Engineer: 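Below: one structure in C-alpha cells.
Treat the numbers as computed from the prediction; the structure is a model and nothing was measured. Numbers here are sequence positions counted from 1.
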Amino acid sequence: MFNITNLKKDVESVITNTALTHEQAMMNLSAIPFNYVEFFETSREFRELYEAGCLCTMTEGNVTYQPRYALPNYEKLIREGCEFLRLDPPTNLFEAIQTLEIFYRHIPSVTHYPVYLGSVDKLLEPFMDDEHAYELIKSFLVFLDRSIPDSYCHMNLGPEATRAGEVIVEIETELQNAIPAITLLYDPDITPDDFAKKCVLCALSCAKPSFANHKEYSKIYHTPYGIASCYNALPISGGSFTLSRVILSRLAERAKDSEHFVNELLPHAAQLLCEYIEQKIEFLVERTHFFGSNFLVKEGFLKLENFTGMFGVVGMNECVNRLMEKEGRPDRYGYSEYADQLAVTILNTLKECLNSFESKYCDCTDHHFSLHAQVGIDSDYEISPGARIAIGSELPLYDHLRHCGKVHPYFTSGVGDIFPFDSTAQRNPDAILDLIKGGFAQGMRYFSTYSSDSDVIRITGYLVKKSDIAKLDAGVAVPQANATWGYYEVKNSKIYERKVRSL
C-alpha cells in the first residue's frame, strides 16, 4: 500500500548517501516506484509468506518492464551488424571492439547494465591478425571496467582455446580488475590443459575465470547457452524474464518436522511463487513495450521463445539443520547421509512442483520455470546461498566437491561453489585443474576460486575488490555498483572467513 512517509524515507536514503556515485543514485531512485505501485493482484497467502520473509521478489519490485537477464546473439551482430544502431558488420579488430562497445550500451537488465557480454574470444578471433591486437583488447577490457561498473556483467571464453582467449586471460591477470566477470566453458575433451591452467592461474590472481561444466550445460537447452550475471546458465538469444526465490530456512521455521515441510509447506509455497512469477511474466510480455517494440527483439538479437522464468532457492544449509533440530537429530548438512538425503528430497520436491506448473511462455524450458541456486542479497543474514554448505562449516576439499556433485545437477539455470586457496597454489595449477576435472566428473556444475592474498574476490556469485570494501567502510564512493552489495555481504555473511584450502 502506498505510504508517502516510507516513499520519502526511501528517496532520502539514496540522495543523502555519500557512498553512491551520481549514476548509482539515479538507478537506485528509478527502482523505488516499483516497490509502491502494483499492476496485478497477488493472493493473500502469497502476501503473507512474502511479508514473513519466506518468499522474495529480488528487488524487482512489483512489476518489471524489461527482462531481468538478456543474452543477445552477439554472433549475429558481428555477422550482420545492427540497423537500429547504424552498425555495419565489422571488418577489423578495431571495428569489432567498437561495435561491441556501442551495442553493450543498449542492453537492458535488472542492473541497467548488460549481464552477458558474449563469448568474446570467439567474437574477436576472426580479427586477431591485427598487429595491435594486444593493445586494442587491453583498451577494450579497461573500457568495460570503467564504463560498465558492475561485475554482474559476464564474459564467456572457450571451450576451445583461441588466441583472443589467451590474450584476454593474460591481460586480466595484469589488470586485476573485478569487471567483467568471466567464465570458461570448460570441457576436458575440448579445452587444452595448457589453456585451462592459464585460466586457473588467472583465477587465483583475480578470481576469474570460473569454470562451467560445458559438457553438462550444453545438454539443457535446445539452443546454445551462455553464463550471465553471477553464474546463470541461460539460452542465447533469450535469457530470463524474472527471478523470485523461496528462502528455505525461514519456511523451515514454520514446519513441525521434515515430513510437514516436504509434503505441505514447500509445495504450497512453491505453487504460490510460481503463480506470482507467471503473473509477472504475463505482464512483461503482454502489457509492456519490450517484446513488441525493442530493437533487440525486432532485429532478432533476442527471441521471446528463448526466455524462461527462474525459481530461486537459498538457505538449504540452514533449512536442513533446523529440521534436524526439530526432530531431535544430531545430523548436519554435509556431514550426514541422512541430512543430505533430506536436501535431495527437498530438491526433488521442488523439481516436481516446477514440472507440475505450466507457464504460458517459457518455451525453451518446455513451459516450466528453471530451478536456480540464488546467491543471496545484501540483507540476507545467516542464510547461505543456494544449496551451499555454510561458511565456517566447510567439508574437507574432496568431500566438499562430492557434496556439490549431489546437489548441483538440480539447478538447471545456475549453481556454483567457491574454493579459495592459499598463495602456494599458484605453484601448482595442475592440481587445481585435476580438482575441477574430478568435481565435474562427480556431477559438479560450476567451480570458482581465488587466492587468499588476492584483492579481487568472489562474494557469492559476483566479484568485488577488498580495497573497494575498505573504501565503502570509510564512506568513500567507488565506481563499481555492486561493491555496495559486497560490503553488506562481508558484514552479514562472513565472506572473509571462508575456508582457505591448501594443496
Side-chain angles (χ1 to χ4, degrees), residues 40-58 60 220 240-282 308-327 329 331 333 338-362 365-374 376 380 383-388 406-415:
F40 53 79
E41 262 192 66
T42 53
S43 69
R44 178 190 57 78
E45 294 170 297
F46 172 84
R47 290 194 300 274
E48 194 272 323
L49 284 180
Y50 172 78
E51 289 165 8
C54 299
L55 302 178
C56 172
T57 60
M58 290 296 301
E60 286 182 0
I220 293 175
S240 177
F241 295 113
T242 185
L243 165 64
S244 295
R245 64 179 189 163
V246 57
I247 296 91
L248 296 175
S249 52
R250 290 180 179 157
L251 194 63
E253 292 293 342
R254 299 174 157 229
K256 301 171 188 173
D257 52 28
S258 299
E259 186 176 341
H260 180 221
F261 180 84
V262 170
N263 294 334
E264 296 184 38
L265 296 186
L266 187 59
H268 180 62
Q271 176 69 22
L272 293 173
L273 191 58
C274 284
E275 291 171 356
Y276 174 80
I277 293 171
E278 181 70 0
Q279 284 180 288
K280 186 170 277 190
I281 291 172
E282 289 186 4
T308 188
M310 294 167 70
F311 185 108
V313 169
V314 290
M316 177 68 82
N317 183 102
E318 293 76 15
C319 169
V320 169
N321 289 351
R322 185 69 184 106
L323 292 173
M324 293 297 93
E325 290 170 3
K326 289 192 174 214
E327 295 179 4
R329 298 185 65 102
D331 304 81
Y333 187 58
Y338 185 89
D340 287 353
Q341 186 53 50
L342 174 58
V344 168
T345 299
I346 289 169
L347 291 170
N348 277 319
T349 300
L350 282 170
K351 184 178 178 180
E352 291 171 8
C353 291
L354 297 190
N355 285 341
S356 67
F357 186 94
E358 187 164 326
S359 172
K360 183 177 180 180
Y361 298 100
C362 302
T365 47
D366 298 322
H367 297 276
H368 302 301
F369 302 142
S370 185
L371 196 60
H372 179 69
Q374 202 272 321
D380 286 346
I383 300 172
S384 297
R388 287 184 199 164
K406 294 179 184 178
V407 297
H408 278 203
Y410 288 91
F411 297 101
T412 49
S413 61
V415 62

Engineer: What are the two closest heavy atoms between Phe411 and Ala373, and how far apart are they?
Structural biologist: CD2-N, 3.2 Å
Engineer: What's the verdict on side chain to side chain contact (heavy atoms under 4.5 Å, CB included) for Val415 and Val407, showing C-alpha distance, side-chain angles and the deciding distance?
Structural biologist: CA-CA 9 Å; Val415 62; Val407 297; 5.8 Å; no
Engineer: What distance separates Ile277 CD1 from Ser240 OG, expressed to the nearest 0.5 Å?
Structural biologist: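 It is 8.5 Å, given to the nearest 0.5 Å.
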Engineer: Taking Asp257 for its side chain and Glu259 for its backbone only, find out whether a donor-acceptor pair lies under 3.5 Å.
Structural biologist: yes
Engineer: Looking at every non-hydrogen atom in both residues, tell me the closest pair between Ser258 and Met324 and how far apart they are.
Structural biologist: OG-CE, 4.0 Å
Engineer: Is any side-chain heavy atom of Phe261 less than 4.5 Å from a side-chain heavy atom of Ile346?
Structural biologist: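 They are in side-chain contact.
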Engineer: Do you see a donor-acceptor pair shorter than 3.5 Å between the side chains of Ser43 and Glu275?
Structural biologist: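 No, no side-chain donor-acceptor pair sits under 3.5 Å.
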Engineer: Can you check whether Arg254 reaches Cys54 side chain to side chain, under 4.5 Å on heavy atoms?
Structural biologist: yes
Engineer: Tell me, please, which residues at least two apart from Arg245 pass salt bridge (Lys or Arg N to Asp or Glu O under 4.0 Å).
Structural biologist: Asp380
Engineer: A side-chain contact here means heavy atoms from C-beta on lying under 4.5 Å apart; do Gln279 and Phe46 qualify?
Structural biologist: no
Engineer: Specify the closest pair of heavy atoms between Gln374 and Met58, including all atoms of both residues, with the distance to one decimal.
Structural biologist: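 Closest pair (atom of Gln374, atom of Met58, distance): NE2-CE, 3.1 Å.
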Engineer: Could you point out which residue of Leu49, Val314, Leu55 forms a side-chain contact (heavy atoms from CB on, under 4.5 Å) with Val246?
Structural biologist: Leu55
Engineer: A side-chain contact here means heavy atoms from C-beta on lying under 4.5 Å apart; do Ser359 and Glu282 qualify?
Structural biologist: no
Engineer: Quick one: which residue pairs count as a side-chain hydrogen bond (donor to acceptor under 3.5 Å, both in side chains) with a foot in residues 340-355, not counting sequence neighbours?
Structural biologist: Asp340-His403, Asp340-Lys406, Asn348-Tyr410
Engineer: Checking Tyr361 now: which residues fulfil ring pair (Phe, Tyr, Trp, His ring centres under 6.0 Å) with it, not counting sequence neighbours?
Structural biologist: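 Here no residue qualifies.
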Engineer: Considering residues at least two apart in sequence or located in another chain, which fulfil the salt bridge (Lys or Arg N to Asp or Glu O under 4.0 Å) criterion with Lys360?
Structural biologist: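 Result, salt bridge (Lys or Arg N to Asp or Glu O under 4.0 Å) vs Lys360: Glu286.
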Engineer: Gly309 and Ile281: which non-hydrogen atoms are nearest, and at how many Å?
Structural biologist: CA-CD1, 4.1 Å
Engineer: When rounded to the nearest 0.5 angstrom, what is the spacing between CG in Leu266 and CG in Leu350?
Structural biologist: 4.5 Å
Engineer: In Å and rounded to the nearest 0.5 Å, what is the CG to CG distance from Asp331 to Leu323?
Structural biologist: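 The distance works out to 12.0 Å.
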Engineer: Suppose the criterion is side-chain hydrogen bond (donor to acceptor under 3.5 Å, both in side chains): which pairs have a residue in residues 308-324, not counting sequence neighbours?
Structural biologist: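 As it turns out, the side-chain hydrogen bond (donor to acceptor under 3.5 Å, both in side chains) pairs with a partner in residues 308-324, which skip direct neighbours, are Glu253-Arg322, Thr308-Thr365, Glu318-Ser384, Arg322-Glu325.
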Engineer: Would you please name every residue forming a ring pair (Phe, Tyr, Trp, His ring centres under 6.0 Å) with Phe369, sequence neighbours left out?
Structural biologist: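 Checked Phe369 against ring pair (Phe, Tyr, Trp, His ring centres under 6.0 Å); matches are Phe357.
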Engineer: At what distance, to the nearest 0.5 angstrom, does OG of Ser244 lie from CG of Leu273?
Structural biologist: 5.5 Å
Engineer: Please name the pair of heavy atoms, one in Ser413 and one in Ser370, separated by the smallest distance, quoted to 0.1 Å.
Structural biologist: CB-OG, 3.1 Å
Engineer: Working to the nearest 0.5 angstrom, can you tell me the gap between Glu278 CD and Phe40 CZ?
Structural biologist: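 Separation between the atoms: 10.5 Å.
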Engineer: Which atom names give the shortest non-hydrogen contact between Ala339 and Tyr333, and what distance separates them?
Structural biologist: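 Nearest heavy atoms, Ala339 then Tyr333: CB-N, 3.9 Å.
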